[in-house]
Amino acid sequence: MGYRVMDMNKKSDVIEKRRDKLEALREKGVQLFPNDFKVSHTVKDIKDTIDGSPETIGVDGAPFSAAGRMMAINRFGKSSFIRFRDRTGLLQAYIRKDKIGEDGYALFKQLDIGDLVGLRGPVFQTKTGEWTLLADEFKLLCKAVRPLPEKFHGLKDPEKRYRQRYLDLIMNQDVRDIFIKRSRIIQAIRDFLLDRDYLEVETPMMQPIPGGAEAAPFKTFHKALGMDLFLRIAPELYLKRLVIGGFERVFEINRNFRNEGVSTQHNPEFTMLEFYEAYATYRDLMQITQEMFQEVAIAVTGSSSIHYQGQSIDFSGNWRQISLLDSLQEIGGVDTGILYNRGALLELASLKGIEITKADRIGKVITKLFDVLVEPKLIQPTFITGYPVEVSPLSKRSDTDKALTERFELFIAGREIANGFSELNDPCDQKERFLQQVADREAGDPEAHFMDQDYVEALEYGLPPTAGEGIGIDRLVMLLTDAASIREVILFPHMKPSGKK
RNA sequence: GGGCCGUUAACUCAGUCGGUAGAGUAUCUGCCUUUUAAGCAGAGAGUCGCUGGUUCGAGCCCAGCACGGCCCA
């Protein structure tokens with residue numbers, strides 16, 4: 001019995017010990033979560049000051065107040081070195097009993113790696129020349145109950161990294177860098193479009209009819225309105241309504257939701273840039289896209305050529321353009337004779353293990369073949385043009401070939417990155433295309449468009465000749481950060497609830 | 001949906017032939033006022049993902065399940 005009681009009281013676990021320590025500090029009257037420390041300088045400010053005028057600072061110089069998380073502690077008997085990090089970097093500080101006093105040093109000895117602290121004092125150089133903050137004042141700003149992962153190996157388990165991204169961010173500098181870069185990429189895109197007189201807008205994320213793409217939507221229900229709503233799969237039809245309304249250049253950078261599989265390339269919610277420009281054509285968009293990518297790459301990486309997963313990709317110059325059918329022939333190695341022969345195409349598809357359903361019209365068969373035979377080979381930026389009408393329900397028909405549309409898709413590193421076209425602005429043609437999509441859906445294509453009568457009515461008021469494009473931001477960020485998985489560029493990727501812990 | 005791999009201490013990982021559960025870091029105690037993954041001496045720390053099966057005996061073998069990673073569809 002006595003043993004059992006001892007066992008129950010035994011606090012062997014690291015976290016239990018820390019909780020005990022925290023309670024002991026609290027009982028001593030130590031403020032564990034104060035909110036009155038004023039920061040005067042970031043770590044970067046301090047380092048910049050040192051670089052700017054090292055001769056004017058030193059142990060007798062002006063003090064800096066800085067705060068951050070303790071990432072390392074080297075304790076000696078009556079003094080200690082710590083490293084703490086704020087959003088701008090890592091700095092060493094030197095804590096001496098004779099500087100911060102008996103009580104202060106006793107408190108410091110009770111603290112742990114991972115605690116947040118505030119420090120105030122001048123900087124000096126250690127024996128090895130490292131600039132170090134000499135703490136005159138040391139204050140606990142937040143006590144951490146749980147220990148950080150190990151300092152040398154850090155946090156590696158991908159499941160834990162995604163589920164507890166905050167730990168990933170604390171421990172892994174390269175992860176922080178990816179998300180800083182992501183923010184800069186989006187800012188560079190925004191700057192690029194604003195410079196060209198575009199207006200940034202926000203359109204509904206919840207839509208009564210999900211449109212603008214071919215994808216399975218998430219469905220929800222609005223109680224007060226008593227109606228089904230769908231999380232948007234694209235903002236397209238709303239952005240074009242705005243062009244009708246006279247906003248001739250609009251863009252939106254926001255989330256789309258698609259109720260499909262999760263993989264290294266797909267997250268159920270992902271970020272898309274869509275932009276629309278009146279009196280422009282899909283050809284103008286290809287030019288704009290090239291310029292945008294070159295500008296963003298240089299703004300973010302300093303170069304217009306990048307390295308992605310061991311491949312070198314060059315954004316400079318004019319990118320290759322090739323039609324869908326030519327690409328199947330030249331890049332996919334498909335015999336010319338087969339391209340216009342439905343039976344032969346179906347045979348080839350079946351040979352390649354491509355699943356073709358009854359609902360698939362010939363244009364769909366061709367794009368499915370393209371996905372397998374050509375797309376993986378498009379490493380350098382390549383515009384594919386000449387998409388069939390039946391897979392492009394919102395695109396303007398080509399003047400020279402009514403079976404084709406004025407549309408392109410951009411491929412880089414074997415993946416679709418962008419999709420743009422001259423917008424279909426003939427309301428009669430649009431209505432017929434919707435009807436064909438409805439027929440496709442009834443024939444068994446779950447991704448076919450719904451009829452959107454309200455959109456057709458909007459078109460009847462007159463959409464100027466317009467070109468519009470969507471760019472997958474996550475995939476662009478992957479390219480520019482050399483990330484193999486989309487989860488590495490989304491802060492909180494979707495996962496199933498963990499079965500344990 | 002299928003295939004392969006993984007899940008062991010807070011973290012990173014070992015664990016042989018099925019026979020008492022290991023290391024480093026972290027933590028705790030002691031020493032230490034210029035360290036750099038500090039050092040020295042000592043100590044504590046485990047639902048081996050979960051459930052069942054085989055066995056005298058399972059971290060290890062078998063089955064199912066959960067979660068994750070990669071690949072394929």
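Just so we're on the same page: letters track the sequence lines, and every chain starts at 1.
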Q: Can you spot which of A:Lys364, A:Arg441, A:Arg258 makes a salt bridge (charged side-chain N to carboxylate O under 4.0 Å, His left out) with A:Glu214?
A: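 Checked A:Lys364, A:Arg441, A:Arg258 against A:Glu214; only one passes salt bridge (charged side-chain N to carboxylate O under 4.0 Å, His left out): A:Lys364.
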
Run the salt-bridge test on [X] and [Y] with the 4.0 Å N-O cut-off and return the result as yes or no.
X	Y	value
A:Arg19	A:Glu23	no
A:Glu375	A:Lys368	no
A:Lys97	A:Glu102	yes
A:Glu16	A:Lys21	no

(Q) At less than 4.0 Å, is any side-chain N or O atom of A:Arg487 found next to OP1 or OP2 of B:G69? Yes or no. (A) yes

Q. Ring stacking, A:Phe81 with base of B:U35, under 5.5 Å and under 30°?
A. yes

Counter-base of [N], judged by Watson-Crick or G-U geometry with both distances under 3.5 Å:
N	value
B:A63	B:U51
B:G57	none
B:U34	none
B:U20	none
B:A9	none
B:C4	B:G69

How long is the line joining [atom1] of [X] and [atom2] of [N], in whole Å?
X	N	atom1	atom2	answer
A:Gln309	B:C71	CD	C1'	15 Å
A:Lys160	B:U12	NZ	C1'	12 Å
A:Tyr162	B:G69	OH	C1'	8 Å
A:Met495	B:G69	CE	P	4 Å
A:Asp20	B:C28	CG	P	11 Å
A:Glu159	B:G69	CD	C1'	9 Å
A:Leu167	B:A26	CG	P	18 Å
A:Phe76	B:U33	CZ	C1'	8 Å

Does [X] reach a base, just sugar-phosphate, or nothing at all? Heavy atoms under 4.0 Å.
X	result
A:Gly154	sugar-phosphate
A:Arg75	base
A:Asp98	base
A:Tyr94	base
A:Ser80	nothing
A:Lys496	sugar-phosphate
A:Leu155	sugar-phosphate
A:Lys78	base
A:Arg161	nothing
A:Phe124	base
A:Lys21	sugar-phosphate

(Q) Can a side-chain donor-acceptor contact be found between A:Arg320 and A:Ser327 if the only test is distance below 3.5 angstrom? (A)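 Judged by distance alone, the side chains do not pair up.
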
Q.
Could you check whether the side chain of A:Gln92 and the base of B:U35 have a donor-acceptor pair of N or O atoms closer than 3.5 Å, going by distance alone?
A. yes

Q: With RNA chain B as reference, determine whether A:Pro147 or A:His494 sits nearer its 5' end, using the nearest nucleotide of each.
A: A:Pro147

Q.
For the backbone of A:Val175 and the side chain of A:Asp168, can you confirm whether one donor and one acceptor N or O come within less than 3.5 Å of each other?
A.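 No, the answer is negative, given that no donor and acceptor are paired below the 3.5 Å cut-off.
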
